[in-house]
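Please read the structure below before turning to the comments.
Here is the naming used below: chain letters follow the sequence lines, and residue numbers restart at 1 for every chain.
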Amino acid sequence: MNATSDSAHRPSVLHIFKIYYPDLFGGTLTVIRDICASLKETFTSAALVCSQAGKRCDTVGEVEVERVRSFGNVLSLPAAPSYPWRLWRRIPKHDLLALHAPFPLADLVFAFGFGRSRPLVVHWHADIVTHAGLRRFIEPLMRRTLRRAKAIIVSDRVLVDETPLLREFGDKCHVVPFGINTIAYDYPNIAPNHVNDRGRLVLACGRLVPYKGFDVLIRAAAGRQFEVWIIGEGSERPRLEQLVRDLGLGDRVRLIGSVKDCERIKLMCLADVFVMPSVTNAETFGLVQLEAMAAGRPVVNTALDTAVPRVARHGMEAITVPPGDAEKLGEAIDTLVNDPERRRRMGLAARMRAQTRYSAAAFKKGMETVYRDALTASCKEPSTAAAPQTTGWLDSVRIAAALAWSDMRHRYVRSLLGPFWMSLQMAIVVAVLGSVIGQMSNTDMLTRLPMLAVSMTAWTFLNGVVLDATTALQNSASLIRDRALPPVIFLLQCTFRQALFALHNACVPLVLWLALSRHDLSHTLAALPGLLLFVACTFALSLVLGATATRYRDLKPIIESTMMLAFLASPVIWSSDIINHRSTVMRLNPLTHLFAVWREPLAGASIDPGSIVYVLITLALLILASALTLVHLRKAAFWI
Amino acid sequence: MVSISLHNVCLDYPLYGAYDFSLKRRLLGHLIREPGETRIIRAIDNFTIEAEAGARIGLAGPNGSGKSTLLRLIAGVYPLSSGRVTVRGNVVPLLGLNAGVNLDFVAEDNIALLLRISGRKPIRSVIDDIWAFTELEPRMQRLPLRMFSSGMLMRVLFATATAFPADILLLDEWLSVVDEHFAEKAERRLQNLVSQAAIVIIASHDQQLLRRTCSSIITLDHGRIASTIAVEPPATLDLREKRA
């Protein structure tokens, strides 16, 4: 009872990582488990991870784990397409988010601005080393995540100095070295200073993955006397087994596989030398070497640019050798194997360092401070910091609408008819064109008139939006520069303004329709989705052309003449059946299809599926181009 | 918590000449392997500043030293080239008064539009308050701004721009444009606005104004901080004001 009321006000932390027990064992997971266990009095913990088994929810230890179905691993990442969605759904249920980086799936969520409502702490476990080619794509995401993080936790100062991305956020980084409870390593029969005179057992521990460098260790064992036991499981196993066979080391090198924690501790205490042969900077700390140190074992590690050679220091608790150098590694192990006294001395020093410098209490205190500060900092921050961000889009649309409305009212100033002058003009154009085309095609023009008027209205809209957009940014220079309004507002304003004018113009086709055709509303409704597509394409086109025409002023006349050409080459005033054959130019012309998607249903015909596909592809391309434009639009203030 | 923090901020301002605006020229330049060099000046150079709530910062310096550019950078108009900007709070940039004004509209509609642009709902009472401040006749509300004298126009625009308090206020040399009779009242309102805002940054050539209003004055030169002076506490300011 007490526990439930207690958990009610304990802040809840959501740990975000790719995997959790029992699907995998490893250093990062140990850290997450240790955090959850040591902070259980002050925080409740939950984890959102991926799993191929697809089990939904269960509890591991004290941690409530939700698993998202993944379909295997792609480039060391779980292929769990629903992860970002599930993460987004879960965020509001927790008080604090702890992202264990690198994990690009979660970066996707944070980089796009979701989950701003909760403070985020990033545990930086490692940089992306194994798939360095991906860095270029993932780094911008990670930067955005780090930018919104309240704190970044690293295990050692050197990571901040050596990682360019972290250096950018140096003031947010908190160094909290991992801690270990050395009491667990007081194995009853074997004191920490126990030294086996035979001294042949070399132990290594870790997932069997390439960066751990176990192949180097195996090659180092060739031609020497010591025995190597490797604890751990992983994808490299067949390769390592093959290597052992090739070198004929079957009797001295054993891949033990996964063992229970207590077994591992026992093995650590039994071993004579502990080796960490990791070959890349993906190994940032080496929690297992800390465990071996707690067990009082001397360590052989590698000179990486990470905390590895700083946790167990060369000459004091360890012998540090260049990474990937089997010869030097073998030599170092032999030195320790042949010198029991040195092993004992280094083992004691190692245990001492684990006890004092890497105590579990200090780790707990450090974590608690960072988590608490992140929570209180976000409480102090007024919600205004988040509010303008979320309402920003809506505000932009509102301002654009207000500006467009005022533009339209401007037409009424000193003029009774206002924009209806344009409608009048439109009516004249439709009447003249109608009679001319009627002469040309010998068909009953009267029934075609409403369609001609609608097409002309739509064309006027599209033409107006695009042409307005080319000058919109320059005309609003003062609002952009002096009032800091986002430039996209003024491109949106063009669409809104022309839409208002189009509504005025629409009275011409409306009158014709009422007068000349059967009144069937269902056709009108069927045309609406197509019309929406038309408007969306128009806006996206105006966004792209508006921005580029502002950057490159010589584009404006080109756009103007192209629009004229497009008007003539598209079935606006004539329809395809007047011509009676569909030429290639017409089929390739996107405007043909852009008009077809709403005009065909309006006329009661069915749309050609090809047209829909064509329009959707056009829209997709335009949206892509608009997204690019929006990125560059930040520089618009320089252009105007 | 309202705060502004600029950390080693640089802004490279591209100076586009007539040719730089030409796409044809640019494409041709690629073909004939004559890359068009866009001239770039460093408008803000390694600028670092921290401002917490209560800061009153004056920016001084000769023309072209980067005062306005810095204000625009904080307002988010220009993307910075390097460094970091963190702004917490609602920024109201009042850098130019005539932005968004339509002279053909009547004063009332202009006020409503300007309020909408700054994200406020134009309510009748708000517009009446603004009009009361301008001390102009009520019937003039229904006249197009085109008929206003420049002084009257300034009154309307000033009253509208300063109608609402802001967290962070960015002001750029615009008290000088108000006519003399109105100046005193305008400055009182400005002081009032400044006292309500958490952070105020004013760019001005008027050293007296800066000393009266600001707690520290940063002198800029070629985008760099030439000097930072802390102004004495307001006790002396009052005396100065009385003397003036």
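The aromatic rings of Phe638(A) and Tyr13(B) sit perpendicular to each other, their planes meeting at more than 60°, with 30° as the lower class boundary.
The cationic atom of Arg553(A) (NZ for Lys, CZ for Arg) does not lie both less than 6.0 Å from the six-membered ring centre of Tyr16(B) and within 45° of the ring axis.
Summarising the geometry of Ala484(A) relative to Pro93(B), their closest heavy-atom pair is CB-CG, 3.8 Å, with the distance given to 0.1 Å. The minimum heavy-atom distance linking Tyr78(B) with Ala637(A) is given by the pair CE2-CB, 3.5 Å. Residue Ala402(A) comes nearest to Leu113(B) through the heavy atom pair O-CD1, 3.9 Å, listed as atom of the first residue, atom of the second, then distance. Nearest heavy atoms, Val77(B) versus Arg481(A): CG2-O, 3.7 Å.
Within a 6.0 Å sphere centred on CZ of Arg142(B), heavy atoms belonging to other residues, nucleotides or ligands number 12 at most. Shown here is Arg42(B), whose CZ atom has more than 12 heavy atoms of other residues, nucleotides or ligands within 6.0 Å.
Distance check: Asp395(A) CG to Arg116(B) CZ gives 11.0 Å after rounding to the nearest 0.5 Å. Atoms CD and NE2, on Glu168(A) and His7(B) in that order, are 11.0 Å from each other to the nearest 0.5 Å.
Contact annotation for Leu479(A): both backbone and side-chain heavy atoms come within less than 4.5 Å of a heavy atom of chain B. Proximity to chain A involves both the backbone and the side chain of Ile117(B), based on heavy atoms less than 4.5 angstrom apart. Interface residue Asp12(B): only backbone heavy atoms are found under 4.5 Å from chain A. With a 4.5 Å cut-off on non-hydrogen atoms, Leu11(B) touches chain A through its side chain but not through its backbone. Looking at Asn102(B), only its side chain comes within 4.5 Å of chain A, counting heavy atoms on both sides. Contacts between Arg72(B) and chain A at a heavy-atom distance below 4.5 Å involve the side chain alone, from C-beta outward. Contact annotation for Trp639(A): both backbone and side-chain heavy atoms come within less than 4.5 Å of a heavy atom of chain B. Heavy atoms of Arg409(A) lying under 4.5 Å from chain B belong to its backbone as well as its side chain.
With chain B as partner, the option from Leu403(A), Leu555(A), Asp482(A), Thr550(A) having the largest number of non-hydrogen pairs under 4.5 angstrom is Asp482(A). Listed options Lys635(A), Arg634(A), Arg483(A), His410(A) were ranked by heavy-atom pairs under 4.5 angstrom with chain B; first place goes to His410(A).
Contact annotation: the side chain of Tyr552(A) never approaches that of Ser22(B) to less than 4.5 Å [non-hydrogen atoms, C-beta and beyond].
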**Message:** Could you walk me through whether Arg411(A) and Asp104(B) satisfy the salt bridge (Lys or Arg N to Asp or Glu O under 4.0 Å) test, starting with their C-alpha distance in whole Å, then the side-chain angles of each, then the deciding distance to 0.1 Å, before giving a yes or no?
**Reply:** CA-CA 10 Å; Arg411(A) 294 276 172 131; Asp104(B) 284 332; over 6 Å; no

